[in-house]
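I have placed the structure first, in the form of structure tokens, so that the comments after it can refer back to it.
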Amino acid sequence: YYGDLEYVLIPHGIIVDRTERLAKDIMQDIGDNDIVVLCVLKGGYKFCADLVEHIKNLSRNSERFISMKVDFVRLKSYHNDQSMQDMQIMGGDDLSKLTGKVYFLLSTFLCVLLTSFFLFYKDIVGTGRTMKVLLNNIEKYKPKMIKVASLLVKRTSRPDGYRPDYYGFEIPDLFVVGYALDYNEHFRDLNHICVINDHGKTKYRV
């Protein structure tokens, strides 16, 4: 990817430290609830895996054991670097099973966990439109609680007042890649979160 990136925005080591801190905050809020994790693919898989692993480690070293189940849903809302009006939701088990549960949503921009506690993981929260669509889809099954965790929150010119319950970093309104975030399926394998340049966008445009 030499020549395709503008600069490193968030180094991997800082991501790891912040994710561990988020895991501690979530553990304090979980109480005695078990967790069902709903991970938003594809961009949320690294954040979700790392956060869940930190929670498991904290659970093993505490007086209470937290049981976790993991499910996945895929959202498609971008063409190249442009957000599309229509969003596709694919995958996931029958959400009717989640009635009465507590949800945590998790992703790199925005994420979710499910259980008697549901945490939703997602990769990025920008305008919040994508998150609202997904939350509306889940809320019709009357979960007991929903919490949303996002590694990144974008500062945009179109704020809608939506903020996740947990987030790692607030970033400028830039198109970022790495740490499982992609541009047309490229750059997911980068450990750092980086800003793609115009050359990279042109090179990998579809």
Verdict with supporting geometry, Asn197 and Tyr7, side-chain hydrogen bond (donor to acceptor under 3.5 Å, both in side chains): CA-CA 8 Å; Asn197 61 23; Tyr7 54 86; over 6 Å; no

If you compare all heavy atoms of [X] against all heavy atoms of [Y], which two are closest, and at what distance to 0.1 Å?
| X | Y | answer |
| --- | --- | --- |
| Ala23 | Ile55 | CB-CG1, 3.9 Å |
| Ile193 | Gly178 | CG1-O, 4.2 Å |
| Pro172 | Arg155 | CG-NH2, 3.5 Å |

Member of Leu181, Asn191, Leu51, Leu151 meeting the side-chain contact (heavy atoms from CB on, under 4.5 Å) criterion with Lys46: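 Going through the options one by one, the only one that passes is Asn191.
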
Does a side-chain N-to-carboxylate-O contact under 4.0 Å join [X] and [Y]?
| X | Y | value |
| --- | --- | --- |
| Asp25 | Arg21 | yes |
| Asp182 | Arg188 | yes |
| Glu53 | Arg60 | yes |
| Lys42 | Glu185 | yes |

Non-hydrogen side-chain atoms of Met68 and Val52 separated by less than 4.5 Å: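 Yes, their side chains come closer than 4.5 Å.
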
Side chain to side chain, Pro164 and Val153, heavy atoms closer than 4.5 Å: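 Counting from C-beta outward, Pro164 and Val153 do come under 4.5 Å.
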
Shared hydrophobic cluster, Ile171 / Leu174 (ILVMFWY, side-chain heavy atoms < 4.5 Å):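 Yes; tracing contacts between hydrophobic side chains, which count when under 4.5 Å, links both residues.
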
Cluster overlap Leu152 with Val16, hydrophobic side-chain contacts below 4.5 Å: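 Different clusters.
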
Residues Asp50, Tyr179; criterion side-chain hydrogen bond (donor to acceptor under 3.5 Å, both in side chains); working and verdict: CA-CA 11 Å; Asp50 290 347; Tyr179 196 65; 2.6 Å; yes

Step-by-step side-chain contact (heavy atoms from CB on, under 4.5 Å) determination, Cys39 to Asp71: CA-CA 6 Å; Cys39 176; Asp71 197 5; over 6 Å; no

Donor + acceptor pair across side chains of Tyr204, Asp4 (<3.5 Å):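 There is such a pair between these side chains.
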
Straight-line distance of [X] [atom1] to [Y] [atom2], nearest 0.5 Å:
| X | Y | atom1 | atom2 | answer |
| --- | --- | --- | --- | --- |
| Lys24 | Asn57 | NZ | CG | 11.5 Å |
| Met27 | Ser59 | CE | OG | 5.0 Å |
| Leu9 | Ile196 | CG | CD1 | 13.5 Å |
| Glu20 | His54 | CD | NE2 | 5.0 Å |
| Lys203 | Tyr1 | NZ | OH | 9.0 Å |
| Tyr167 | Lys154 | OH | NZ | 16.0 Å |

Tyr45-Phe72 aromatic ring centre distance below 6.0 Å: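 Ring centroids of Tyr45 and Phe72 are no less than 6.0 Å from each other.
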
Backbone of Val148 reached by a side-chain donor or acceptor of Asp165 within 3.5 Å: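 Here the side-chain-to-backbone pair exists.
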
